[in-house]
A.B. asks: 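Before anything else, here's the structure in question.
Note that ligands are numbered from 1 as they come in the structure, with each ligand's atoms numbered from 1 the same way.
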Amino acid sequence: MRVKRYVVNALPEAVSMIRTDLGKDAVILDTKEIKVGGFMGMFRKKRMEVIAAIESDASKQVELPQRKPSPEVNAVVEQILQTAQRAGAAAAVMEPPSPPQPAPLVSEKRMEREQFIINEIRDLREYMVKLSRQQSDLHSLSEPLIALKERLQEQELESEWSDKLIEALQESEKNAGRVYDRLEVWNESKRILVEWLRPYSNAEINREARVVHFVGPTGVGKTTTIAKLAAEQTIKRGRNVGFITSDTYRIAAVDQLRTYANILNVPLEVVFSPMDLPKAYKALSERDLILMDTAGRNFRSELHVSEVISLLQSNEPNETVLVLSLTGKTTDMAIIAERFSKYGIQKVLFTKLDETTVYGAIMNLVLTHGLNPTHLASGQNVPDDIERFKAGKYVDLLLGDAEHE
Ligand SMILES: Nc1nc2c(ncn2[C@@H]2O[C@H](COP(=O)(O)OP(=O)(O)OP(=O)(O)O)[C@@H](O)[C@H]2O)c(=O)[nH]1
Ligand SMILES: [Mg+2]
């Protein structure tokens, strides 16, 4: 890298010097106002120090193998330089020609203008570097890899994971000694993603747990899911199920669960505070499995999280499942997952699969927060619209059809 320092009256002056000395690919690294000359600390003149640099070909190859600006980037550079010059020229016209002591007001205005230009150049430079990097990344990817990257972006998979997948695919292509076609990219992606999910899949609600609590934001489908699971446990597994609800917060919430309790012939206990829990457990002591419903709250609030956690006490083997709807935003889900994982919650159940075609959130939450998905619910029908989470089936949804993406 060649670095050069210029001391000038105004930035535009430096821009044309830099262009002549270092060429049009040069970048401005720093600018600052300095004072030069004078006598015994007085009559010093304000000047601008500009540090510019150009990457030498050698360092370019070592540090940034793909960052050679494209013609489009060069066009942007050209535009910046012209804008800077025009703005500088305008400033120069408005200035009196080199006054011995410039009026403070004029000089302030001039500094403001210069600062504005500097900021603009900085922003544009950052934008150019980003653009250049994106372009060179895309240039170095094969068409099927670009298609995959776009698909995963649409699926809102965090770029951390899609980049890692692309890297793994490139590595696999290297080992195979050829570039994969679309179908091969899709098949290999499936293999890799299922492998990544392996430690977290096959999670089911602990069979040893006698009490299972369901927590989650408002309206995600906790109560409906409890009814679905209760039906499965009673009808398919012949277990004696009991319900507890602590959702006395919302009018009609108890009635909702009571309706399911009546249909399924399952006893229901209502608790208003942690103090009511022992009585409820005693009333359900004959039951093999107790499913506990809780009120949906805004669990972005830590207070609400600790409130609901305080209700989840049991001396029996127990487990807590976080219920999240796939119609929620990934970032909000991540915050909630983070809050609950602090309390050791490891299982998650996703609902409303039928209401979305964007599935990246599951992968993000599993890989980033280490949550184990137990089930996917995909509709309002009790008891049918729920099934165990299966990594292969999920990855098929995430990747979609190779030919149609
Ligand atoms: N499309 C679809 N709707 C669902 C699913 N699960 C639940 N619902 C619907 O979502 C709505 C809310 O369901 P609830 O079970 O009451 O949700 P909740 O989490 O208990 O709600 P609160 O107790 O108010 O926090 C109802 O209309 C359900 O029928 C699902 O998997 N897909
Ligand atoms: Mg509910």
Side-chain angles (χ1 to χ4, degrees), residues 205 211-233 241-264 266-273 276 280 290-301 303-312 319-330 332-333 335-337 339-340 345 347-362 365 371 373-390 393-394 397-398:
I205 295 171
V211 182
V212 184
H213 313 107
F214 293 82
V215 295
T218 60
V220 290
K222 297 177 291 299
T223 308
T224 314
T225 299
I226 286 174
K228 289 174 183 173
L229 293 174
E232 187 214 32
Q233 293 291 320
V241 176
F243 286 156
I244 295 181
T245 181
S246 67
D247 188 3
T248 50
Y249 183 77
R250 191 168 58 81
I251 298 169
V254 174
D255 287 345
Q256 189 190 355
L257 192 59
R258 197 183 302 280
T259 307
Y260 287 123
N262 290 340
I263 296 169
L264 297 165
V266 161
L268 166 70
E269 292 295 315
V270 181
V271 296
F272 291 86
S273 77
D276 300 334
I290 297 169
L291 302 178
M292 178 164 165
D293 198 5
T294 59
R297 301 304 298 273
N298 165 19
F299 288 125
R300 288 168 54 88
S301 146
L303 184 68
H304 288 154
V305 176
S306 58
E307 248 171 38
V308 76
I309 293 288
S310 73
L311 274 164
L312 314 181
E319 181 154 61
T320 301
V321 178
L322 173 63
V323 182
L324 292 173
S325 161
L326 288 170
T327 55
K329 287 195 191 123
T330 309
D332 294 334
M333 284 193 232
I335 291 170
I336 293 164
R339 299 253 187 279
F340 279 101
I345 290 165
K347 304 267 167 85
V348 64
L349 187 153
F350 293 98
T351 60
K352 308 201 185 181
L353 181 73
D354 54 312
E355 287 193 37
T356 185
T357 51
V358 178
Y359 310 107
I362 297 183
L365 287 184
L371 287 173
T374 63
H375 293 80
L376 285 181
S378 56
Q380 293 177 290
N381 291 322
V382 178
D384 292 336
D385 294 339
I386 193 159
E387 57 179 57
R388 287 270 309 278
F389 176 83
K390 293 189 189 83
K393 207 167 168 187
Y394 164 68
L397 287 173
L398 182 74

A.B. asks: Taking side chain as C-beta onward, heavy atoms only, is Val266 less than 4.5 Å from Tyr260?
C.D. replies: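 Side-chain contact under 4.5 Å: no.
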
A.B. asks: Here's a test for you: under side-chain contact (heavy atoms from CB on, under 4.5 Å), which of Val271, Val270, Leu311 qualifies with Asp276?
C.D. replies: Val271

A.B. asks: I need the minimum non-hydrogen distance between Lys228 and Ala377, along with the two atoms involved.
C.D. replies: NZ-CB, 3.7 Å

A.B. asks: Output yes when the distance from some N or O of ligand 1 to some N or O of Lys222 is under 3.5 Å, and no in every other case.
C.D. replies: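 Yes: some nitrogen or oxygen of Lys222 is under 3.5 Å from one in ligand 1.
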
A.B. asks: Of the side chain and backbone of Thr225, name the one, both, or neither that has a heavy atom under 4.0 Å from an atom of ligand 1.
C.D. replies: neither

A.B. asks: In terms of residue, atom name and distance, what is the protein heavy atom nearest to atom 3 (N) of ligand 1?
C.D. replies: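 Nearest protein contact, heavy atoms only, for atom 3 (N) of ligand 1 is Gln380 CG, 3.3 Å.
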
A.B. asks: What's the shortest distance from atom 24 (O) of ligand 1 to any protein heavy atom, and which residue and atom give it?
C.D. replies: Arg250 NE, 3.0 Å

A.B. asks: So if I count the atoms of ligand 1 from 1 in the order they appear, which ones are less than 4.0 Å from some heavy atom of Ala377?
C.D. replies: 31 (O)

A.B. asks: Is Val382 close to Leu264 at the side-chain level, that is, under 4.5 Å between some pair of heavy atoms?
C.D. replies: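 Of all side-chain heavy-atom pairs linking Val382 with Leu264, none is under 4.5 Å.
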
A.B. asks: Check whether any side-chain heavy atom of Ile362 sits under 4.5 Å from a side-chain heavy atom of Leu397, and report yes or no.
C.D. replies: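 Not touching, per the 4.5 Å side-chain cut-off.
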
A.B. asks: Nearest to atom 30 (C) of ligand 1 by heavy atom, Ala227, Gly379, Ala252, Gly221: which?
C.D. replies: Gly379

A.B. asks: If you have a sec, work out which protein heavy atom is nearest atom 12 (C) of ligand 1 and how many Å separate them, to one decimal?
C.D. replies: Gly219 O, 3.6 Å

A.B. asks: Is there a heavy atom in Ser378 that sits closer than 4.0 Å to ligand 1?
C.D. replies: yes

A.B. asks: Please report the shortest heavy-atom distance between Val254 and Asp247, naming the atom on each side.
C.D. replies: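 It is CG2-O, 3.5 Å.
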
A.B. asks: Do any heavy atoms of Arg297 fall under 4.0 Å from ligand 1?
C.D. replies: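 It does not, in that no heavy atom of Arg297 comes within the 4.0 Å cut-off of ligand 1.
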
A.B. asks: Give the single entry among His375, Glu355, Lys352, Lys228 that approaches atom 8 (N) of ligand 1 most closely by any heavy atom.
C.D. replies: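 Comparing heavy atoms across His375, Glu355, Lys352, Lys228, the nearest one to atom 8 (N) of ligand 1 lies in Lys352.
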
A.B. asks: For the 3.5 Å polar cut-off, considering only N or O atoms, please tell me whether Thr218 and ligand 1 meet it.
C.D. replies: no

A.B. asks: Is Thr224 close to ligand 1, meaning an N/O of one under 3.5 Å from an N/O of the other?
C.D. replies: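 Yes.
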
A.B. asks: Compute the ring centroids of Tyr394 and Phe389, then answer whether they are less than 6.0 Å apart.
C.D. replies: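 Aromatic pair counts; centres sit under 6.0 Å.
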
A.B. asks: Taking all heavy atoms of Val321 and all of Leu349, pick out the closest pair and write down the distance.
C.D. replies: CG1-CB, 3.7 Å

A.B. asks: Please examine the side chains of Asp332 and Arg300, heavy atoms only from C-beta on, and report whether any two atoms are closer than 4.5 Å.
C.D. replies: yes

A.B. asks: When you compare ligand 1 with Leu353, is there at least one nitrogen or oxygen pair between them that comes in under 3.5 angstrom?
C.D. replies: no

A.B. asks: Could you measure the distance from the NZ atom of Lys390 to the CG atom of Leu376? Nearest 0.5 Å is fine.
C.D. replies: 9.0 Å

A.B. asks: Using a strict cut-off of 4.0 Å, indicate which atoms of ligand 1 neighbour a heavy atom of Gly296.
C.D. replies: 25 (O)

A.B. asks: For ligand 1, which is the ligand I care about here, please tell me if Ala295 has any N or O atom under 3.5 Å from one of the ligand's N or O atoms.
C.D. replies: no

A.B. asks: Show me which atoms of ligand 1 lie under 4.0 Å from any heavy atom of Gln256.
C.D. replies: 14 (P), 15 (O), 16 (O)

A.B. asks: Distance under 4.0 Å to a non-hydrogen atom of Asp247: what atoms of ligand 1 satisfy this?
C.D. replies: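 Selected atoms, number and element: 23 (O).
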
A.B. asks: Considering only heavy atoms from C-beta outward, does the side chain of Val358 approach that of Thr330 to under 4.5 Å?
C.D. replies: no

A.B. asks: Less than 4.0 Å is my threshold; does some heavy atom of Gly216 fall inside it relative to ligand 1?
C.D. replies: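 Checking ligand 1 against Gly216, which is what was asked, there is no heavy-atom contact under 4.0 Å.
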
A.B. asks: Show the nearest heavy-atom pair for residues Gln380 and Asp385, with the distance to one decimal.
C.D. replies: N-OD2, 3.3 Å

A.B. asks: Sort by chain and number the protein N/O/S atoms found under 2.8 Å from the Mg ion (ligand 2).
C.D. replies: Thr223 OG1

A.B. asks: Is Asp354 close enough to touch ligand 1? Criterion: a residue heavy atom under 4.0 Å from a ligand atom.
C.D. replies: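 Yes, Asp354 has heavy atoms under 4.0 Å from ligand 1.
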
A.B. asks: Counting only heavy atoms not in Leu303, do more than 12 fall under 6.0 Å of its CG?
C.D. replies: yes

A.B. asks: Taking side chain as C-beta onward, heavy atoms only, is Ile244 less than 4.5 Å from Val211?
C.D. replies: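 Sidechains of Val211 and Ile244: no contact.
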
A.B. asks: If you measure every N/O of Thr223 against every N/O of ligand 1, is any gap under 3.5 Å?
C.D. replies: yes

A.B. asks: Taking C-beta and beyond as the side chain, do Lys352 and Val220 meet within less than 4.5 Å on heavy atoms?
C.D. replies: no

A.B. asks: Quick one: does Ile386's side chain get under 4.5 Å of Glu232's, heavy atoms only?
C.D. replies: no

